[in-house]
Amino acid sequence: MMAGDYLRAPLLNSERLRDASVEAEPEVIVEIDRCDQSTIQSFSNHQNINHGGYGDQVEGTEDQNPFEFVGAGRFSVPSPVTIDPFRNNTPNIEGLYEWLKIFVCIPIAIVRLILFGVSLAVGYIATKCALQGWKDRQNPMPRWRRRIMWITRLCTRSILFSFGYHWIKRIGRPAPRGKAPIIVSNHVSYVEPIFFFYELFPTIVASESHDGIPFVGTIIRAMQVIYVNRFSASSRKDAVNEIKRKASCNDYPRVLLFPEGTTTNGRVLIAFQLGAFIPGYPIQPVVVRYPHVHFDQSWGHISLAKLMFRMFTQFHNFMEVEYLPIVSPLENQKESAVHFAVRTSFTIANALNVVQTSHSYGDLLLLTKASQSKQEKASTYMVEMSKVETSFNIRTLEAVEFLDKFLSMNPDPSGRVKIHDFLRVLRLRASPLSEKIFGYLDVEKQGSVTFRQFFFGSAHILKQPLFWRACESVFTECDDSGCNYVSQQQLRDILKLALPDASEEEVGELFNMFDIDGDGRVSKDDFMICLRRNPLLIAFFNRSSASKDFLCSDGRARQL
C-alpha cells in the first residue's frame with residue numbers, strides 16, 4: 001500500500017468496528033431541550049477550563065448549587081504545581097563524605113565563627129561612628145561618612161570569607177550609575193545582600209521588620225534603606241515614590257531590589273513585584289548562582305542557624321555573580337510596569353536557564369504555616385498567589401486566613417476535611433443546605449474537601465459581582481429598623497427560612513461570628529467583613545429578598 005493509501009485508510013476497519021460494537025459500553029444519549037444564551041455561556045466556560053483557566057465549569061442544576069443566586073456557577077480547581085520554589089535540596093546531612101567533611105571542618109568552623117563575630121563587631125562600631133550625629137536622613141550621606149563606611153564594607157567581605165566564599169566569580173561589570181540607577185537580582189540566600197553591600201554599597205529596599213534585627217538594622221540604616229510594609233498599600237506606594245526620588249538623583253548610590261520579594265532555591269524564578277519597574281528607569285539585572293554538589297546554599301524551607309552551620313563546615317562555597325546588559329523601558333511606546341517586569345524577569349530566567357512560576361511571598365507563608373501544622377504534603381497548600389491576586393483580587397493575608405480556618409478543621413494526613421469538621425468550624429448544623437454547600441466544594445465527590453477546593457471555591461464566590469450586591473441587600477433587609485446595625489433577633493428572622501429548626505444557641509454562634517468587634521451588635525462593616533472571610537455563608541440568605549431581587553422569573557441570575 002502506498003503512503004497516500006495509508007493516509008486515506010480508516011483508523012479502524014469494518015471488522016474491528018463490528019467486533020468492538022459487541023463489547024462496547026451502552027451509548028449515552030444527551031437530549032437538549034433548548035439552547036439559550038446561558039447554555040452557550042456555560043459551554044464557553046467549560047472550554048476555558050479545559051485550556052487551564054480558573055473559570056467556571058458547566059453549571060449544575062439549581063438545587064445542587066446553593067450559590068446560583070449570586071451568579072456563581074461550578075468552579076474548577078487548578079492542579080497543584082509540582083515545582084516547589086522554596087525547597088532546599090539538601091535539608092539534612094547525608095552521606096559519609098558530608099559527615100566526614102563536617103567532622104574535619106569543626107576546628108575550621110570555630111575559627112570562622114570567631115572571624116565572623118569580630119568582623120560583625122568592627123563593622124557595627126564603624127557604622128555607628130559613621131551615623132553619629134547625622135540627623136538629615138532625607139539627603140544623601142556626606143562623603144566623609146561614606147568613607148568611614150568602607151571599614152564596614154571590608155568587614156562584610158571578611159564575613160563572606162568566614163562563610164567559605166574565599167573567592168567569588170564575577171561575569172561582566174556593573175553599569176555606570178548614570179546609565180542604570182536601579183539594580184535587580186534574583187534572591188537565593190542572605191549572602192547576596194552582604195555581597196552587594198561590599199561590592200556596590202547601594203540603597204536597598206527592605207522590609208520594615210529588618211530594622212529591629214540586632215547589628216543588621218544599624219548597618220542597613222547606613223545604606224539609607226527604603227523601608228516597605230508589603231502588606232500595606234500606602235507603604236508600598238510611599239516606597240515606590242522613594243525609589244523614584246533616589247534613583248533620579250546621582251548623589252545617591254544605586255537602588256538595589258530583589259523583586260521576587262523573598263528567597264527561593266534558585267531553580268525557578270517566581271513572580272516579580274513591580275516596585276523597581278514603576279519609576280520607569282533603566283535597570284541592570286544581576287544573576288547570582290551557587291554551584292554545588294553536596295550542599296544546597298539556598299535559604300529555602302530551612303532554619304538560618306542550620307544554614308550557617310553548614311556554611312561554616314564546608315571547605316569552600318562557590319558563588320557566581322553575572323551582570324547582565326541593561327534593560328530599558330521601550331521608548332517608542334508607553335510601556336506598563338507589568339510588561340517591563342515581564343521582560344526583565346525573562347532576561348534573568350533565560351540567563352539562569354530556569355522556568356518562571358506565579359508563586360510569590362504569599363505562597364511561602366502558606367507553605368510555612370502548613371509545615372508548622374505538621375501537614376505531610378505542605379507544598380500542595382501553595383496556590384500561586386501572584387495568579388490568585390490577579391484572578392480573584394485576594395490578598396496574601398486573606399489567603400492565610402483561609403488556610404487558618406481550613407487547618408482548624410483538622411485535615412487528615414492526606415490534607416482532606418470531612419463534613420462534620422467543616423460544619424463545626426463554620427458553626428453550622430447538619431442540614432440539606434449545609435450539605436449542598438459542602439457538596440459544592442467537593443468537586444471530586446469524595447466526601448471530603450482539600451484546602452485548594454475550599455480556597456478556590458470561596459474565591460470563586462467572592463469574585464462574583466452579584467455577591468457584594470447580595471450582601472448589601474441582605475443587610476438592608478436585616479436592618480429593618482434602619483439603625484445601621486443588626487441584632488441577634490433580626491439575624492434569626494432573616495435566617496429562619498434557610499434554618500427553620502435552628503436553636504437560639506446555634507443562631508447565637510452565627511451572630512458571634514458576624515459580630516467582628518464584639519460589641520453585641522452587627523454593623524454593616526462587621527457584616528461585610530464576615531462574609532468576605534466566610535463567603536460560603538451567603539448561601540443561607542438565598543431565600544431572603546436578596547434572592548428575589550437577583551433572580552429572574554425562570555430562576556436564572558440576572559446579568560447586570
Side-chain angles (χ1 to χ4, degrees), residues 52 78-91 165 168-172 174 180 182-196 205 256-277 283-302 307 310-311 317-327 337-368 378-390:
S79 300
V81 178
T82 57
I83 298 174
D84 182 354
F86 311 108
R87 180 179 181 272
N88 184 293
N89 284 336
T90 59
Y165 299 99
I168 298 173
K169 182 178 179 180
R170 294 170 177 81
I171 303 173
I182 298 177
I183 287 181
V184 298
S185 172
N186 62 316
H187 200 6
V188 180
S189 180
Y190 60 84
V191 174
E192 298 103 49
I194 301 175
F195 169 80
F196 285 120
V205 179
L256 170 66
L257 297 98
F258 299 103
E260 292 173 288
T262 186
T263 56
T264 68
N265 58 16
R267 290 168 176 78
V268 299
L269 199 68
I270 64 176
F272 276 13
Q273 305 298 312
L274 301 180
F277 309 96
I283 289 175
Q284 182 174 30
V286 183
V287 166
V288 181
R289 306 181 186 90
Y290 296 89
H292 68 275
V293 176
H294 301 283
F295 169 49
D296 183 357
Q297 301 156 61
S298 66
W299 192 8
H301 195 50
I302 186 173
L307 189 62
R310 295 291 301 278
M311 285 185 175
N317 290 311
F318 293 89
M319 180 180 180
E320 295 180 358
V321 179
E322 181 178 1
Y323 294 92
L324 302 177
I326 296 174
V327 179
V338 174
H339 189 260
F340 192 12
V342 168
R343 290 198 297 121
T344 307
S345 64
F346 177 80
T347 300
I348 294 179
N350 188 52
L352 287 170
N353 194 26
V354 299
V355 299
Q356 297 176 265
T357 72
S358 296
H359 293 90
S360 70
Y361 176 71
D363 290 286
L364 179 60
L365 293 182
L366 296 175
L367 174 67
T368 302
S379 61
T380 62
Y381 286 81
M382 294 186 292
V383 295
E384 291 191 280
M385 274 304 303
S386 178
K387 189 182 297 184
V388 165
E389 289 176 356
T390 302

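Numbering starts at 1 and runs along the sequence shown.
Here the closest heavy-atom approach between residue L307 and residue S189 is recorded as CD2-OG, 4.2 Å. Between I283 and A276 the shortest heavy-atom distance is CD1-O, 3.4 Å. Residues Y361 and G261 come closest through the heavy atom pair CD1-O, 4.2 Å. When all heavy atoms of V268 and P85 are compared, the closest pair comes out as CG2-CB, 3.1 Å. Shown here for H359 and S386, the closest heavy-atom pair between the two residues is O-CB, 4.5 Å. Shortest non-hydrogen contact noted between S379 and D84 is CB-OD2, 4.0 Å.
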Determine, stepwise, if the pair I83 / V355 fulfils side-chain contact (heavy atoms from CB on, under 4.5 Å). CA-CA 10 Å; I83 298 174; V355 299; 3.7 Å; yes
T347 vs L324, side-chain contact (heavy atoms from CB on, under 4.5 Å): CA-CA, chis, key distance, verdict: CA-CA 8 Å; T347 300; L324 302 177; 4.0 Å; yes
T368 vs F86, test: side-chain contact (heavy atoms from CB on, under 4.5 Å). Steps then yes/no. CA-CA 10 Å; T368 302; F86 311 108; over 6 Å; no
After noting the C-alpha distance and the side-chain angles of V287 and V321, does the key distance pass the side-chain contact (heavy atoms from CB on, under 4.5 Å) rule? CA-CA 6 Å; V287 166; V321 179; over 6 Å; no
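Put simply, the side chain of T90 gets close to the backbone of D296: a donor and an acceptor are under 3.5 Å apart. Checking side-chain atoms of E260 against main-chain N and O of I270 turns up a donor-acceptor pair under 3.5 Å. With R170 contributing its side chain and I168 its backbone, the two residues share a donor-acceptor pair below 3.5 Å. Looking only at distances, a side-chain donor or acceptor of R267 sits under 3.5 Å from a matching main-chain atom of N265. Counting only distance, with no hydrogens or angles, the side chain of N186 and the backbone of V288 share a donor-acceptor pair below 3.5 Å. Between the side chain of D363 and the backbone N or O of S360, at least one donor-acceptor pair lies under 3.5 Å.
Remark: F318 CZ to K169 NZ distance equals 10.5 Å, nearest 0.5 Å. Atom CG of N353 sits about 9.5 Å away from atom CZ of R289, to the nearest 0.5 Å. Distance check, rounded to the nearest 0.5 Å: CD of Q284 to CG of L256 gives 11.0 Å. Remark: I302 CD1 to R87 CZ distance equals 11.0 Å, nearest 0.5 Å. Here the CD atom belonging to Q297 is positioned 9.0 Å from the OH atom belonging to Y190, to the nearest 0.5 angstrom.
No hydrogens or angles considered: a donor-acceptor pair under 3.5 Å links the side chains of E192 and Y290. For the residue pair Q356/S345, the side-chain donor-acceptor check at 3.5 Å is satisfied.
Using cut-offs of 30° and 60° on the angle between ring planes, the pair F340 and F277 is perpendicular.
Using a 4.5 Å heavy-atom threshold, the side chains of W299 and H187 count as separate. Here the side chains of F258 and P193 are in contact, with some heavy-atom distance below 4.5 Å. Residues F295 and V293 fail the side-chain proximity criterion, which asks for heavy atoms closer than 4.5 Å. Side-chain contact check for T357 versus E384: some heavy-atom pair is nearer than 4.5 Å. Using a 4.5 Å heavy-atom threshold, the side chains of S298 and T264 count as separate. The closest side-chain heavy-atom distance from V286 to V184 is not below 4.5 Å.
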